[in-house]
Number of protein chains: 2
Amino acid sequence: MTDTIEPTTAADGRPYHHGDLRHALIQAARAIIIRDGAQALSLRGVAREAGVSPAAPYHHFKDKQELVLAVGQLGFEELGIVMEQELAKCSDDPQERLTVIGVSYVLFARDNPALYRLMYDCARNMEALPPDVHEKDHSAYAIVRSAMIAAGLADPDDPVAIELATTAGWCAAHGVAEMGGFAQFDPLKTAVGGELNFYRELLKRTGAFSAR
Amino acid sequence: MTDTIEPTTAADGRPYHHGDLRHALIQAARAIIIRDGAQALSLRGVAREAGVSPAAPYHHFKDKQELVLAVGQLGFEELGIVMEQELAKCSDDPQERLTVIGVSYVLFARDNPALYRLMYDCARNMEALPPDVHEKDHSAYAIVRSAMIAAGLADPDDPVAIELATTAGWCAAHGVAEMGGFAQFDPLKTAVGGELNFYRELLKRTGAFSAR
DNA sequence: AGATAATCTTTACAGCGTTCACATAAAAAT
DNA sequence: ATTTTTATGTGAACGCTGTAAAGATTATCT
């Protein structure tokens with residue numbers, strides 16, 4: 001009567017081995033961070049949400065920090081995907097494409113503030129830039145860089161200038177992304193005709209995203 | 001022989017009442033944050049460093065969060081002081097004064113990364129802008145604003161434009177301040193001739209600090 | 001089939017934030 | 001000056017956390 005169809009079930013119906021616990025833990029952690037903030041994240045809570053004992057995660061991550069790092073890396077991949085999606089819907093005008101990138105970046109941070117904050121914490125002190133500067137060509141960083149070149153903001157033959165322009169743009173977007181969400185700016189947002197206008201205006205003035 | 005001159009000493013020589021525990025706790029917390037990072041901050045540790053029982057801080061702060069907030073506010077005051085000091089050593093050229101502000105800001109963040117990060121966390125979700133936008137005229141925000149006006153980056157008669165320019169500059173500086181310290185940029189730093197040049201270049205390209 | 005490795009559980013420990021009851025000292029009131 | 005009130009400290013306790021160690025269970029390899 002109480003039999004279940006699952007493979008090699010225990011008394012309570014759950015198999016002894018989870019199957020893909022590593023992935024489940026990352027997803028659970030991501031959900032908790034987005035729902036309750038990074039400060040509310042506990043390894044035990046993640047294990048609980050995944051229906052597993054408190055010590056189980058240690059077979060997949062050596063640390064709480066290592067789990068957090070995995071969530072952060074996932075976030076950067078998501079960011080890259082979102083950017084590419086928005087670029088696909090966009091015209092071919094290089095300047096407009098740059099703007100779309102900046103706005104996508106800022107909106108991603110606005111929609112997932114805790115996750116974005118955590119992503120930044122992961123990026124800090126990593127060997128490679130988020131996710132990594134030199135290898136993946138569809139990484140968020142690579143997207144920004146090629147858009148910079150396309151818009152004529154950096155000489156394609158000057159590697160240093162390219163990196164500098166890309167970094168400047170990224171820094172500007174980061175600043176707007178993190179601070180733009182502050183409640184203190186609410187009056188200013190309405191004064192300039194809405195949140196989106198506010199972000200566009202900041203990105204424009206923060207000139208790293210437009211030709212001089 | 002073992003007598004001490006302190007008022008109403010206990011057996012161990014320390015008076016029962018600390019005298020200015022609130023201040024001592026803030027300083028101890030600040031020291032721990034700067035030395036070991038914000039993640040290493042524990043209320044018990046702060047109490048220990050102040051030579052007081054674990055429950056004592058609760059007579060001065062309702063929360064660990066409230067102590068952290070006090071440290072953050074102190075940080076903003078320090079930042080404002082540093083800016084004014086640097087401005088005092090600077091010429092009267094409005095553009096140069098703006099640059100000095102930006103560089104001071106970024107260097108402050110570079111020298112106190114954990115504290116700066118914590119300051120940002122405090123600024124988020126506060127009613128007033130850090131430390132507060134409208135009242136203190138020697139606040140860091142007010143300094144940036146008046147420098148913006150002086151440099152002709154905002155029409156003095158257009159309040160919205162003023163706030164927009166100030167906010168854009170602040171966002172740009174924030175981005176450079178937080179990301180500029182990343183180890184990933186080390187090769188780029190040397191490529192442009194040193195850290196300071198790197199920051200100056202980023203702030204310049206991030207046009208919020210220079211006339212268009 | 002048997003051995004080995006991977007995965008999960010149980011148990012345990014020290015440290016954390018916080019609360020409560022109580023001790024002490026300072027300030028205010030009588 | 002004594003009493004009362006208030007401010008500020010201590011101590012013990014609770015449930016939570018991250019993490020480690022040892023044992024149970026299942027998958028994989030030979």
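All values below come from the heavy atoms of this structure, side chains included, with hydrogens, waters and symmetry mates left out. Computed from a prediction, not measured in an experiment: that's the story for all the values here. Letters A, B, ... mirror the listed sequences (proteins, then strands); counts begin at 1.
- Between the CG atom of B:Leu41 and the C1' atom of C:dG17 there is a distance of 12 Å, rounded to whole Å.
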Kindly express the pairing pattern of DNA chain D in dot-bracket notation, using | wherever a base pairs with another strand and counting only Watson-Crick or G-U pairs under 3.5 Å. ||||||||||||||||||||||||||||||
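- Scored by the side chain to side chain donor-acceptor pair (under 3.5 Å) test, A:Arg110 finds A:Glu195 as partners (sequence neighbours excluded).
- The distance between the ring centers of B:Tyr199 and B:Tyr105 does not fall below 6.0 angstrom.
- Scanning all heavy atoms of the two residues, the minimum distance from A:Pro57 to A:Ala47 falls at CG-CB, 4.0 Å.
- Of the residues in residues 25-40 of chain A, not one places a heavy atom less than 4.0 Å from an atom of DNA chain D.
- A:Asp158 places a side-chain N or O within donor-acceptor distance of the main-chain N or O of A:Ala161, the cut-off being under 3.5 Å.
- Applying a 4.0 Å cut-off to non-hydrogen atoms, the residues of residues 47-63 of chain B that approach DNA chain D are B:Val52, B:Ser53, B:Ala55, B:Ala56, B:His59, B:His60, listed by residue number.
- Between the CZ atom of A:Arg44 and the P atom of C:dG17 there is a distance of 17 Å, given to the nearest Å.
- Formation of a donor-acceptor pair under 3.5 Å by the B:Lys204 side chain with backbone atoms of B:Thr99 is not found in this model.
- Evaluation of the side chain to side chain donor-acceptor pair (under 3.5 Å) rule for A:Arg117 yields A:Glu178, B:Asp121 as partners, not counting sequence neighbours.
- Under the 3.5 Å distance criterion, the side-chain polar atoms of A:Gln184 are matched with a main-chain donor or acceptor of B:Ala123.
- Here C:dT7 presents its P atom at 9 Å from CG of A:Leu21, a figure rounded to the nearest Å.
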Taking it one step at a time, do B:Leu79 and B:Met119 satisfy side chain to side chain contact (heavy atoms under 4.5 Å, CB included)? CA-CA 10 Å; B:Leu79 174 59; B:Met119 283 161 58; 4.2 Å; yes
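- Looking only at distances, no side-chain donor or acceptor of A:Thr167 sits under 3.5 Å from a matching main-chain atom of A:Leu164.
- The separation between B:Leu43 atom CG and D:dC16 atom C1' is 16 Å, rounded to whole Å.
- For the pair A:Arg22 CZ and C:dA6 P, the interatomic distance rounds to 15 Å; values are reported in whole Å.
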Below 3.5 Å, can you tabulate the donor-acceptor pairs from side chains in residues 61-69 of chain B to any protein atom, sequence neighbours excluded?
unit_1: B:Lys64; atom_1: NZ; unit_2: B:Leu41; atom_2: O; d: 2.9
unit_1: B:Glu66; atom_1: OE2; unit_2: B:Lys62; atom_2: N; d: 3.3

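- Protein atom CG of B:Asp20 is 15 Å distant from nucleotide atom P of C:dA26, rounded to whole Å.
- Between A:Phe182 and B:Tyr120, a ring centre-to-centre spacing shorter than 6.0 Å is recorded.
- Rounded to whole Å, the distance from NE2 on A:His23 to P on C:dT7 is 16 Å.
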